[in-house]
Peer 1: 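First, the structure itself, so that you have it in front of you.
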Amino acid sequence: MAAGFLLTSVYFLFASLVGTLSVKLWYDKGSAANKLHMLLVNTAVICCYLIWAIVWMAQWHPLVVPILKAEGE
Amino acid sequence: MVQMELFRSQEMNLVQLIIPSESAHDTVTYLAQLGLLQFKDLNPDKSPFQRTYANQVKRCGEMARKLRYFKDQTAKAGLTPAARPAMDGDVDLDELEVKLSELESELIEILANTEKLKRTHSELTELHLVLKKAGAFFSSARDNATEAQRRELEGLSGSNEDIDRPLLLEQEMQTEPSKQVRLGYVSGVVPKSKALPFERILFRATRGNMFLKQAPIEEPVIDPASGEKVEKIVFVVFFAGERARLKVTKICEAFGANRYPFPEEGSRQSALQLQVASRLDELQQTLDAGTHHRDNVLTTIGYNLEQWTLLVRREKAVYHTLNMLSIDVTRKCLVAEGWCPVSAKDQIQDALQRAAFDANSQVPTIFQFLHTKEAPPTYFKTNKFTGAFQEIVDAYGVARYQEANPGVFTIVTFPFLFAVMFGDWGHGIILLLASFFLLWNEKKFMSQKLGDIMDMAFGGRYVILLMSIFSIYTGFIYNEFFSVPFRIFGESAYTCRDHPDTHWDQCESATSVGLIKLGDQPYPFGLDPAWHGSRSELPFTNSLKMKMSILLGVTQMNVGIMLSYFNAKFYSNSLNIWYEFVPQILFLGSLFGYLSILIIVKWCTGSQADLYHVMIYMFLSPLDDLGDNQLFWGQGYLQVALLIIAFVAVPWMLLPKPLILKKQHEQKLAGRSYGVLGESDAESVDGDDEHEEFEFGEVFVHQMIHTIEFVLGAVSNTASYLRLWALSLAHAELSAVFYERVLMLSFGYDNILIRFIGIVVFAIATLGVLLVMETLSAFLHALRLHWVEFQNKFYMGDGYKFHPFAFATLSEEDD
C-alpha cells in the first residue's frame, strides 16, 4: 500500500547506519568525539527524514488537486 | 561509559598552588603558556596600587607607552615596521627598559632638533620670498619713477594721464631729503585669508595714512609657528611717523603676520638674498641628514618592535596575575587559587615542575585540590567547527556547570530550521559557494583584520556551510530552484482527469475541476511539480507547511523536555523527574502530541475531518459526539482521557515539589537538633550554605511561575513554530514574484537589451532581497526558535565562562 514510503524510509535508515558506521570507521577521534559525531549524523538524518515523510504523507491522499491556470490567467 | 563530547562542560576543580616566591614569575609564565588555569583574585579588597607587584605593572605600562610612541612615530614617518622573523633569544625586561628609555630620549631629541630646524627653515623661506616680492615692488617703482623723471626732464610735465605713476615716490623725489626719514615701512607675510581684514584695520588705525602693497605667493608656504601649509601673501606697508610704526607692528602681531627686515638699498638686498639662499641650502642638507638619522633609528626599532610589544604585553599580564595571588607574611611564598579542568591536572603539574627547575628553586610548588561549594566555571572544548555553534548558545547564556548543552543539537537543528524557511536549492547553491569561498580563504582571512559584516560572516562560515547544505535539501523537498520546479524524481503523479494520456495543456478539465492523481503513490521525493503555478498551489502548500511547522515544533519541544530529564538524572534530582519532567511531557503530549497524531492520521486516511473543530470542541464539550470529524474508533474516549491527563498534570507540576522540599527541610532541621556535637566542627568549615533559609513562599511562587510559564508556553510556543510556515511562504512567494514578474516578463520581449536589463534586475533582487535579507531574517527566526522555544524547556544558562590565563588570548587591548 505504502510501498514507496517504506522503501524510502529504509533508504533513510540505511543512510543513518552508513553515517554512524563511517564515523566509527573513517573519522575515529576517540569514543567521546565519536558519540558527538554519531549524534550529529543521526540528528541530521532524522531531520531530513521528518521533512520528507511529512511532505510525502501530505500528498498521499490530498483533499485538493492541482487546478491549472487557464491561458492568460 | 564515556561522556559525549560537548554534551556537558568539562569537569572542573578548584586548585591551590603554593609557590616559592623565587619561582613565582616563572611558574605563572609557564602556566600562561599552557593556558588551562583560571586564577582567582585573592585580594579583591586591595586597590591596584596596594598590590605586591603594582610597581612592575606600572613599569610595564610605561614601556608599553614608549612602544606605542615608537609605533606612532614609525607610522608618521611613513615606514612599515619590518618584523624580523628570528627572535634573538630571551630579552631581559630590565635591559629592555633601559634600552627603551635610551631610544626614546634619542628619538625625542632628534625630533626636537628637526622641529627647530624646520621652523628656522620655513622662516628663512618666508624671508626669501619677502626679499623677492618686495624687491620687485621697489624695483618696479624705481623704474617707473626714473621713467617719469626722464619724461619730466624732456619737458612733458603735467602728464596727469599716467595713473600708475607712483605718487609717493614722486613726492619723495620732490620733497627734501630731510623729510624722507619720516616715511617708514614694514614688510612681511600674512595668511591670505586674513589679508582683507588686515588691510582694513591698517587703513582705519592710520586713518588712511598708509600705503599697502601686496603680492600673493604662488605656492602655499609652511607656517613656522604651526608647521602647516598656508596660502600667504607678501606685503609692504608704508606709513609716516614713529607712532604709526608702533600701530602697524601691533596690528601685524595681532594678525599673525610675520615681519621680516628688508634693507632699503638695492645692493644690500641682493647681498641678503644671496645669504638667505645659501643658508636655506645648508639647512635643507641638515634637515635631510636629520630625517635620515631618524629613519635609521626607527627602522632599527621596527625590527624588534613586534617582539618587544609582545614581551611587554606578556610581562604585564604575568605581573597582573601575580597581583591576584596572596602573599605570605614571611614573603617566602605566594598562594594561588584557581579553576582548572580535571583533565589538565598532569599538564599543569608538569609545567609547575619545569618552572621550579628553571628558576633553580629549592622547594617545588605545592599543588592541591580544594573542595568548595562555589559553582565552577563552564568550559567546553570546542574546535573551529563546533565553536561557532556554541557561540550561538552562549550568546543567550552560558551553560550552568555541567548542564546538558543544547549546542550538540543546535549544530544540526539550527541550520535545519533555517533551511525549512529558506528552501530553494538554487539559492542554497549560491550560499554554498559563498561558504566555500570563506572556507577556501580561511587561512588568509584568519590572519587579517576584517570589517564588521565580513568578520561576522567569516565567524559563522561553518554555520553558513551547514545552512546552505540543508537549504539545498529542503529546496529539493519544496521542489524549488529559483522558484522553478524540476521533474528530477520522475513524472508528476497527476494527470488529466478525462484522458490520462494527454498532456496537461490539451486537457480541458485541468483548468476547471483540476488534475487527478494517478495511482496510490504520491510524487516520491518532495513536492509534486504539478502544484507549481496552479490555482490551488497556495491553499495546498499553506496547509502542508502549517502542519509541518507544528510537527517539527512539537518534535523539537519534546527533545527539549527530554533533555530536562537528562539534567535531572545527572544532578540526581528525582523531584525534578517525577514532578516536573513527567507531568510536562504528559501535558505537552496530551494536547499537542495528540494534535500531531491527528494530523498524521488525517493525512494517511485522507479524512475530511476539521482538526480545528476537533481541538476546540475537545475543550468546550468533550462529551459530545464527534460526528463527521471522527478520525478513528474510540477517539471520543481518548480525548476525554487526554483532557483529564492534561488537567491533572497542571497541579502535578505545581504542588508536590514545593511541599516535598518543605518536608525534607523540616526533617533535616529535626535531625540536626539531635546530631552528634563532635561533627559540627568539621561541618562548619564548608557547611555555610546548609544553613540557608528555607522560604516556603518563595519556593512556591517560583514553582508557580515555572508551571504557568510551561502551560502557557506550550500553547504559545507551538504557535510560535508557525513562523517556519510564514517565512517559508514569504521566501517562496518572493522568489516566484522575482522570477515571473521580472525575468519572465523581460523575456517576453524579443529585445536583447530588455532581456539583459531583466536579468540584471533579477540578479540584484535575488541577491539583495532573497540571499541577504531573507537569509538574515531566517537566521534570526531560527535563532529565536532555539533560544526561546527549545531552550526554555531545560536550559538554565546561568553559568559563567572559563577564562584561563593564557598568552594566546592576550589581545592588543590588554596593553
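Values in this document were obtained by computation on a predicted structure and should not be read as measured data.
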Peer 1: Given heavy-atom pairs under 4.5 angstrom as the criterion, report whether the side chain, backbone, both or neither of B:Val559 touches chain A.
Peer 2: neither
Peer 1: In Å and rounded to the nearest 0.5 Å, what is the CE to NZ distance from A:Met57 to B:Lys602?
Peer 2: 13.5 Å
Peer 1: Check each atom of A:Leu40 against the heavy atoms of chain B and say whether the ones under 4.5 Å are side chain, backbone, both or neither.
Peer 2: both
Peer 1: Hey, which residues of residues 523-531 of chain B are touching chain A, say heavy atoms under 4.5 Å apart?
Peer 2: B:Tyr523, B:Pro524, B:Phe525, B:Gly526, B:Leu527, B:Asp528, B:Ala530, B:Trp531
Peer 1: I'd like to know if the side chain of B:Tyr494 reaches the main chain of A:Pro66, judged simply by a donor and an acceptor atom lying under 3.5 Å from each other, with no hydrogens or angles considered.
Peer 2: no
Peer 1: Kindly compute the distance separating NZ (B:Lys517) from CH2 (A:Trp60), expressed to the nearest 0.5 Å.
Peer 2: 8.5 Å
Peer 1: Under 4.5 Å, counting heavy-atom pairs only, tell me which of B:Ala419, B:Ser607, B:Pro522, B:Pro539 racks up the most with chain A.
Peer 2: B:Pro522
Peer 1: Checking A:Ile54 against chain B: side chain, backbone, both or neither under 4.5 Å from a heavy atom?
Peer 2: both
Peer 1: Could you report the tightest heavy-atom contact between B:Val513 and A:Val65, atom names first, then the distance?
Peer 2: O-CG2, 3.7 Å
Peer 1: Are there more than 12 heavy atoms of other residues, nucleotides or ligands under 6.0 Å from atom CZ of B:Phe489?
Peer 2: yes
Peer 1: Just how far is it from atom CE of B:Met4 to atom CG of A:Asn34, taken to the nearest 0.5 Å?
Peer 2: 11.0 Å
Peer 1: Might you confirm whether atom CZ of B:Phe570 has over 12 heavy atoms from other residues, nucleotides or ligands at distances under 6.0 Å?
Peer 2: yes
Peer 1: Sequence neighbours excluded, which residues qualify as salt bridge (charged side-chain N to carboxylate O under 4.0 Å, His left out) partners of A:Lys29?
Peer 2: none
Peer 1: Holding to ring pair (Phe, Tyr, Trp, His ring centres under 6.0 Å), I want the full list of residues that pass it with B:Tyr462, two or more places apart in sequence or in another chain.
Peer 2: B:Phe385
Peer 1: Answer yes or no: does atom CZ of B:Arg741 have more than 12 heavy-atom neighbours from other residues, nucleotides or ligands under 6.0 Å?
Peer 2: no
Peer 1: Just by distance, do the side chain of A:Thr43 and the backbone of B:Phe409 share a donor-acceptor pair under 3.5 Å?
Peer 2: no
Peer 1: Under 4.5 Å from any heavy atom of chain A, what part of B:Leu515 do you find: side chain, backbone, both or neither?
Peer 2: both
Peer 1: Can you list the steps and then say if A:Ile51 with B:Tyr478 is a side chain to side chain contact (heavy atoms under 4.5 Å, CB included)?
Peer 2: CA-CA 10 Å; A:Ile51 192 168; B:Tyr478 293 158; 4.3 Å; yes
Peer 1: Under 6.0 Å from the CZ atom of A:Phe5, do we count more than 12 heavy atoms belonging to anything else shown?
Peer 2: yes
Peer 1: Tell me, yes or no, whether the heavy-atom count around B:Phe632 atom CZ, taken from other residues, nucleotides or ligands under 6.0 Å, exceeds 12.
Peer 2: yes
Peer 1: Give, as side chain, backbone, both or neither, the part of B:Ser492 having an atom under 4.5 angstrom from any heavy atom of chain A.
Peer 2: neither
Peer 1: Is A:His61 reaching over with its side chain to a backbone N or O of B:Trp603, donor-acceptor style, under 3.5 angstrom?
Peer 2: no
Peer 1: With heavy-atom distances below 4.5 Å as the criterion, would you say the side chains of B:Met548 and A:Leu50 are in contact?
Peer 2: no
Peer 1: Measure the spacing between CG of A:Leu68 and CD of B:Glu537 and express it to the nearest 0.5 Å.
Peer 2: 11.5 Å
Peer 1: Which residues pass the side-chain hydrogen bond (donor to acceptor under 3.5 Å, both in side chains) test with B:Thr605, not counting sequence neighbours?
Peer 2: none
Peer 1: To the nearest 0.5 Å, tell me how far B:Ser536 OG sits from A:Ile67 CD1.
Peer 2: 4.5 Å
Peer 1: Which value, rounded to the nearest 0.5 Å, describes the distance between B:Phe470 atom CZ and A:Cys47 atom SG?
Peer 2: 6.0 Å
Peer 1: Apply side chain to side chain contact (heavy atoms under 4.5 Å, CB included) to residues A:Gln59 and B:Phe540 and explain how you reach the verdict.
Peer 2: CA-CA 9 Å; A:Gln59 296 185 96; B:Phe540 175 73; 3.6 Å; yes
Peer 1: Heavy-atom cut-off 4.5 Å, strictly under: side chain, backbone, both or neither for B:Phe7 against chain A?
Peer 2: neither
